[in-house]
Amino acid sequence: MDLVAADRKHLWHPFTQQQGWVEEAPIVIEQADRCELVDIEGRRYIDGVSSLWCNVHGHRHPAIDLAVKDQLDRVAHSTMLGLSHRPAIELAEKLVEIAPPGLTRVFYSDSGSTAAEIALKMAFQYWHQQGERRTRFISLRDAYHGDTIGSVSVGGIDLFHSTYQPLLFDVLHAEPGDVADMERLLSEHAGEVAAVIVEPLVQGAAGMIVHPEGYLRRVRELCDRFGVLLVCDEVATGFGRTGRMFACQHEDVAPDLMCVAKGITGGYMPLAATLTTERIYEGFLGRHEEFRTFFHGHTYTGNPLACAAGLATLRLFEQERTLEVLQDKIALLGDLLAPVARMHGVLEVRRRGFMVGIELEGFPVEARAGHQVTLAARRRGAIVRPLGDVIVLMPPLAITKDELRRLVAITQESIAEVVAARDQQVPLAA
Ligand SMILES: *Cc1c(COP(=O)(O)O)cnc(C)c1O
């Protein structure tokens, strides 16, 4: 069977213009080894974006592999609706232990998008049950919270979201990083707003937009002052990506609701959780016939295999002192990127911890410069994926210093190649 032909015949890839896809030779991944992916031809690539921002301790980590295999010998799936199971309980306990203070309740789902949907619905229903009609949310311009209709409603990236406008609910957009703008929106609308939702510190999908220091803390203070809930979407930033376990912890912020997904299973399996406080939880308590139940739940909510992978992932943070070991690598990454920021054709390098966006400049949209860089990087043995003309680097936390050097060198060479190709075609200005 010709895999590539079958892919072209039957698959429809996410966030992909299929017309372009079928014109290029795809890489078909067969296996992986720590921080490298291996394709069906046996070629090896550094996993420069953690398999879409979710791998943490590397691929095929023996401890996570073992935890999943062990769980497989017990039960692969059993529902959380009306039943419970050990991995879900133990992982919830662990999540509460490492989360910002006050987040004591864990509601599972299976993707970042559903974790955000759940936070929005919980916030809305919480106020509803307090007798308050609060139907609006404040989110940030260029926000990304997922691809389901509710999470798209609070999203703010025109390219992804504007087509669906007629399907979306109305949201107030605040200017990222601008405390005064958030204060203005809250003072004008506080009584109708259920929650403010933000990606703490870094807006990933927007192209790694880094907020000014102190912004998140000020947003927390404003939410308190105006009596509005704060949702932190830690789907991208969580599990060490910014250098702390959660990005909120850099600013000692405890949100009312926190969404986690991507890294929660170490990048092994789909799992997400929405964490919240006793205050929100208690707002849903009542007798059966009061119908204050949170009517939400997915078939695979809290899947035992995924929870087992999650538990092993969190244990590894302790056993391998992942965050401690990471700090040197973050410093090294900063050093390695300094010359990249000065490259011809690079507008800016934005970074927080292990989340990096390298913005190219001077390319027309149709040149697909970001994509060209990823193709050049593949030829050199690294997988990166751009956001438009922003090259993203977000390696697994387990990447070695040598691999990190190789990843940045490949990225640098690939950018140089694409910029040089452009410059040779562009006639010099008179
Ligand atoms: C990726 C992401 C999501 C969506 O997660 P999925 O698992 O892809 O649905 C939500 N919020 C943020 C901040 C993300 O980066």
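Order of appearance sets the numbers: ligands from 1, and atoms from 1 within every ligand.
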Atoms in ligand 1 with a heavy atom of Gly146 nearer than 4.0 Å: 4 (C), 10 (C)
Decide if the gap between the ring center of Phe107 and the ring center of Phe294 is smaller than 6.0 angstrom. yes
About how many Å separate CD1 of Ile149 and OG of Ser113, when rounded to the nearest 0.5 Å? 11.0 Å
Ring centroids only, cut at 6.0 angstrom: are Phe226 and His189 within range, meaning strictly under it? no
Indicate yes or no: does an N/O atom of Asp233 lie under 3.5 Å from an N/O atom of ligand 1? yes
For His145, the ligand 1 atoms whose distance to one of its heavy atoms is below 4.0 Å: 10 (C), 11 (N)
Kindly say whether the aromatic ring centers of His298 and His296 come within a distance under 6.0 Å. yes
Is the shortest N/O to N/O distance between Val235 and ligand 1 below 3.5 Å? no
Which heavy atom in Ala99 sits nearest to a heavy atom in Gln249, and how many Å separate them? C-NE2, 3.9 Å
Would you check if the distance from the ring center of Phe137 to the ring center of Phe124 is below 6.0 Å? no
Have a look at Gly155, Cys54, Ser113, Gly204 and point out the one with the heavy atom closest to atom 9 (O) of ligand 1. Ser113
Specify side chain, backbone, both or neither for Trp53, according to which of its non-hydrogen atoms lie closer than 4.0 Å to ligand 1. side chain
How does Ser111 reach ligand 1, if at all, at less than 4.0 Å between non-hydrogen atoms: by side chain, backbone, both, or neither? both
heavy-atom search around atom 1 (C) of ligand 1 in the protein gives Lys262 NZ, 1.5 Å
How does Glu199 reach ligand 1, by side chain, by backbone, by both or by neither, if only non-hydrogen atoms under 4.0 Å count? side chain
Cationic tip of Arg241 above Phe354 ring, under 6.0 Å, 45° of axis: no
Which of the numbered atoms in ligand 1 are under 4.0 angstrom from any heavy atom belonging to Gly112? 4 (C), 5 (O), 6 (P), 7 (O), 9 (O)
